[in-house]
Amino acid sequence: MAILVLQGPASAPHRLGIETACALWRIARAAGQVLSFRASASASAFAASLRQGVDARDGFVLVDPADVAATADPAELRDALEALRVPYVEVHDRSAGVLDLSLRPDAMPLATIVINGDLASGYRIALGIALRRLVPAARLGRG
């Protein structure tokens, strides 16, 4: 299985930080998972990435919308999230960016992580949730 990180505009790798991205990658790898990043340059590209879905080997998605809430067409974004067929967690570094889309109950995120001013901590928590869903407890050292 793999974990895909979908990043909205303004969330180029430097937003998260190369050191943090590498640390997350190492954590996932130690648990036997592949972590990959896909950045979007615009709100439309972000929605298109969601609509394209994920690779067949992707079992979980971390969704970092960044500034999408302010610029996206809410209907387009809602439709794209409702088409996503794997569990996901939203990650935000400010509460103003949280997506408020009135999604169907089966299309809601597993969790929405908001740690104002600390995106790296939000990603670590989201990755922990993904790993707990994908990796047997014994492999995480909790067996």
Side-chain angles (χ1 to χ4, degrees), residues 1-137 139-140 142:
M1 284 286 162
I3 301 165
L4 175 64
V5 178
L6 287 177
Q7 299 172 309
S11 48
H14 67 274
R15 179 171 184 253
L16 180 59
I18 297 301
E19 286 182 25
T20 301
C22 288
L24 294 169
W25 182 84
R26 284 192 297 274
I27 291 166
R29 187 169 183 216
Q33 303 299 305
V34 175
L35 183 68
S36 60
F37 291 82
R38 186 185 310 160
S40 302
S42 68
S44 293
F46 181 74
S49 285
L50 287 167
R51 274 193 310 279
Q52 289 171 356
V54 294
D55 189 285
R57 58 193 178 94
D58 292 323
F60 207 95
V61 178
L62 305 183
V63 175
D64 174 4
D67 298 327
V68 163
T71 60
D73 170 9
E76 178 183 33
L77 196 53
R78 183 183 55 250
D79 292 346
L81 283 167
E82 288 183 342
L84 194 58
R85 295 292 176 226
V86 297
Y88 70 99
V89 171
E90 276 184 48
V91 182
H92 302 275
D93 65 347
R94 55 191 178 86
S95 52
V98 173
L99 302 176
D100 183 20
L101 300 171
S102 301
L103 297 169
R104 289 188 330 257
D106 65 329
M108 297 290 289
L110 220 54
T112 299
I113 310 298
V114 180
I115 301 181
N116 287 308
D118 191 354
L119 187 61
S121 290
Y123 266 94
R124 283 191 290 276
I125 292 167
L127 180 59
I129 292 169
L131 292 174
R132 281 175 182 78
R133 284 291 182 125
L134 296 174
V135 180
R139 288 197 44 210
L140 289 177
R142 298 178 298 152

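Computed from a prediction, not measured in an experiment: that's the story for all the values here.
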4.5 Å side-chain heavy-atom contact, L16 and F37: yes
Could you tell me if the side chain of L119 sits less than 4.5 Å from the side chain of D64, heavy atoms only? yes
Over all atoms of both residues, closest heavy-atom pair of G59 and V86: O-CB, 4.1 Å
The test is side chain to side chain contact (heavy atoms under 4.5 Å, CB included); show your working for L24 and L62 and say whether it passes. CA-CA 12 Å; L24 294 169; L62 305 183; over 6 Å; no
Write down the atom of Y123, the atom of Q7, and the distance for their closest heavy-atom approach. OH-NE2, 3.4 Å
If I compare all heavy atoms of A47 with all of A80, which pair ends up nearest, and what's the gap? O-CB, 3.5 Å
Just wondering, do L50 and D79 contact through their side chains at under 4.5 Å, heavy atoms? no
How would you list, by chain and number, every residue that makes a side-chain contact (heavy atoms from CB on, under 4.5 Å) with A45, sequence neighbours excluded? S40, S42
All side chain to side chain donor-acceptor pair (under 3.5 Å) counterparts of R94, not counting sequence neighbours: D67
What is the distance from atom CD of E90 to atom CG of L110, rounded to the nearest 0.5 Å? 11.5 Å
Is it true that a side-chain atom of R132 and a backbone atom of G128 form a donor plus acceptor pair closer than 3.5 Å? yes
How long is the span from the CG atom in L134 to the CZ atom in F60, to the nearest 0.5 Å? 6.5 Å
Taking the side chain as C-beta and beyond, is there a heavy-atom pair between V34 and I3 under 4.5 Å? no
Listed by chain and number, what are the side-chain contact (heavy atoms from CB on, under 4.5 Å) partners of L103, not counting sequence neighbours? R78, L81, E82, Y88, L101, A107, M108, P109
Quick check: do V114 and D93 have side-chain heavy atoms less than 4.5 Å from each other? no
For the residue pair P9 and V68, establish whether any side-chain heavy-atom pair is separated by less than 4.5 Å. yes
Would you mind listing every side-chain hydrogen bond (donor to acceptor under 3.5 Å, both in side chains) that reaches into residues 106-121, with sequence neighbours excluded? R104-D106, D118-S121, S121-R124
What closest approach, in Å, do W25 and L35 show between heavy atoms, and which atom pair accounts for it? CD1-O, 3.4 Å
Within-4.5 Å side-chain heavy-atom neighbours: L127 and I27: yes
Can you list everything that forms a salt bridge (Lys or Arg N to Asp or Glu O under 4.0 Å) with R26? Sequence neighbours excluded, please. none
Could I get the full list of side-chain contact (heavy atoms from CB on, under 4.5 Å) partners for A111, not counting sequence neighbours? V89, I113, I129
In terms of heavy-atom contacts, S49 and L6 come closest through CB-CD2, 4.0 Å
Do you know which two heavy atoms are closest between A2 and Q33, and how far apart they sit? N-OE1, 4.1 Å
